[in-house]
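Along the sequence shown, the residues carry numbers beginning at 1. We count ligands from 1, going down the list as the structure has it; atoms in each ligand are counted the same way.
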Amino acid sequence: MTKQEILLAQKEFIFPAVFTYFKEPLVVSHAKDQYVWDADGNQYLDFFGGIVTVGVGHCNDQVNAKVQAQMNKLGHISPVFANEPQATLAKKLASITPSGALTKSFFTSSGSEANETAILAARCFTGSTEIIALRHSYHGRTQGTMGLTGQSQWKLGPPQAGIVHAVNAYCYRCPFGLEYPSCELKCAQDMEQVIRSSTSGRVAGLIAEPIQGVGGFITPPKEYFKIVTDIVHKYGGVFIADEVQTAWGRTGSKWFGIEHWDVVPDIITSAKGLANGMPIGVTIARPEVANAVKGLTISTFGGNPIATTAANAVLDYIEEQNILRNTEEVGAYLMNGLLDLKDKHQIIGDVRGKGLLLALELVEDRRSKAPATNATLQLMESARENRVMIGRGGLYGNVIRLSPPMNIGRGDVDEFLLRLGASLTACEAAMFATSAV
Ligand code: PMP
């Protein structure tokens with residue numbers, strides 16, 4: 001197909017709800033390591049890593065070789081049989097979860113399904129149906145997980161019963177208008193009021209992302225998760241860490257994002273980067289929680305040998321290449337570069353995140369913090385012109401999300417910062433021209 005034929009077919013035959021970036025969608029032809037090529041042969045530096053999925057580089061040789069070998073050995077069988085790649089992966093996950101406390105896995109094919117499974121397990125274990133989620137969260141596209149999600153634009157269809165939303169720890173736009181640390185974590189303390197005022201007083205659990213992904217990499221202060229998990233446990237609930245974006249070393253130095261907050265969750269969910277882009281979802285739980293899910297439930301593609309082989313290969317690669325250290329070091333280097341850009345570009349209101357999960361929040365002016373939503377769209381177009389891929393997010397659509405493959409080096413960061421700087425300059429010039437008219 002030509003590029004035009006692809007674009008026409010996309011428009012005519014795919015649900016319009018499948019939105020694409022840019023005024024004219026970018027048609028991607030192929031990719032290798034940190035680079036992606038479009039249908040016109042232009043090469044881009046990928047600093048979104050697919051969509052926080054391509055953690056160890058596009059078409060990673062080591063991962064692909066193992067997947068190809070597995071495809072020729074056993075491509076699919078049913079979850080009603082056991083298979084080695086699934087057993088190997090489950091055993092490995094049990095050995096790397098925080099404190100070794102979460103030892104039982106349930107495999108599916110996406111983050112949404114992983115979260116559905118977690119909610120089911122929390123409800124079976126506690127006997128309660130009531131779940132607390134956070135404002136600005138994103139948990140998936142099923143009816144249940146849209147109900148958990150705390151951003152109106154991603155909540156299609158009717159609200160779901162049994163879910164209430166607590167405020168999030170959004171320090172840049174504190175829901176209470178306070179400043180950290182003199183706020184004394186009012187956002188976290190408020191969890192008790194939410195439970196006492198908006199639930200029956202006995203809850204199944206709290207689901208939260210250690211760093212809110214689609215919400216714009218909103219990163220809570222270090223005390224936050226200890227306070228909220230203690231409160232949730234006090235009222236009978238479990239803590240579910242949605243690590244769809246934050247797991248597998250992404251946040252630097254740790255396998256799981258929640259480890260930065262020194263809290264051991266009762267359930268962890270993940271997907272995205274686990275198999276470097278192959279469809280996989282996983283719900284990992286403490287044994288007593290997993291054992292509470294009684295009765296029949298099956299995910300046809302869950303634990304399939306191809307996806308689990310890819311995941312095993314990704315985890316091996318992360319260990320062999322010491323990726324946890326790389327995300328920490330190169331992440332700190334990128335963070336410094338972004339802070340330098342903030343000094344030069346007034347449009348950058350906030351820089352935040354951990355490891356190689358970093359974001360810029362763009363504002364019209366730093367005092368009012370009015371979200372620069374149109375300028376963010378403009379920046380995306382400029383970045384495309386400068387051949388760099390970046391992600392967008394935030395409730396107000398004004399956050400640039402960066403999550404490059406975790407095996408990049410400082411040279412890639414230098415190149416990226418040059419291109420992003422040029423894109424910011426072009427974007428500010430375009431904004432200035434519009435406001436001068
Ligand atoms: N949770 C989080 C934190 C996510 O970022 C996403 C996907 N963006 C999901 C759940 C849902 O994952 P999926 O799209 O694979 O269903």
Validation row: Ile348, Leu362 side chains within 4.5 angstrom (heavy atoms): yes
Which protein non-hydrogen atom lies closest to atom 12 (O) of ligand 1, naming both residue and atom, and how far is it? Gly111 CA, 3.3 Å
Report the relative orientation of the aromatic rings in Phe47 and Phe416; use parallel for angles under 30°, tilted for 30 to 60°, perpendicular for over 60°. parallel
Taking atom 16 (O) of ligand 1 as the reference point, the nearest protein heavy atom with its distance: Ser112 OG, 2.6 Å
Do the ring planes of Tyr170 and His136 sit parallel (below 30°), tilted (30 to 60°) or perpendicular (above 60°)? perpendicular
Quick one: does NZ or CZ of Lys354 land under 6.0 Å from the six-membered ring centre of Trp261, within 45 degrees of the ring axis? yes
List the steps, then state whether salt bridge (Lys or Arg N to Asp or Glu O under 4.0 Å) holds for Lys234 with Asp230. CA-CA 6 Å; Lys234 181 174 150 194; Asp230 281 354; over 6 Å; no
A student comparing Thr142, Leu148, Asp242 should find that the heavy atom closest to atom 1 (N) of ligand 1 comes from Asp242
Atoms of ligand 1 under 4.0 Å from any heavy atom of Glu209, numbered from 1 in the order shown, are 3 (C)
Can you sort out which atoms of ligand 1 are near Ser110, meaning under 4.0 Å from one of its heavy atoms? 15 (O), 16 (O)
Within less than 4.0 angstrom of ligand 1, does Lys272 place any heavy atom? yes
Which atoms of ligand 1 sit under 4.0 Å from any heavy atom of Asn115? 1 (N), 10 (C)
Mind checking the CG-NZ spacing from Asp46 to Lys32? Nearest 0.5 Å is all I need. 13.5 Å
Give the residue, atom name and distance (to 0.1 Å) of the protein heavy atom nearest atom 5 (O) of ligand 1. Gln245 NE2, 2.8 Å
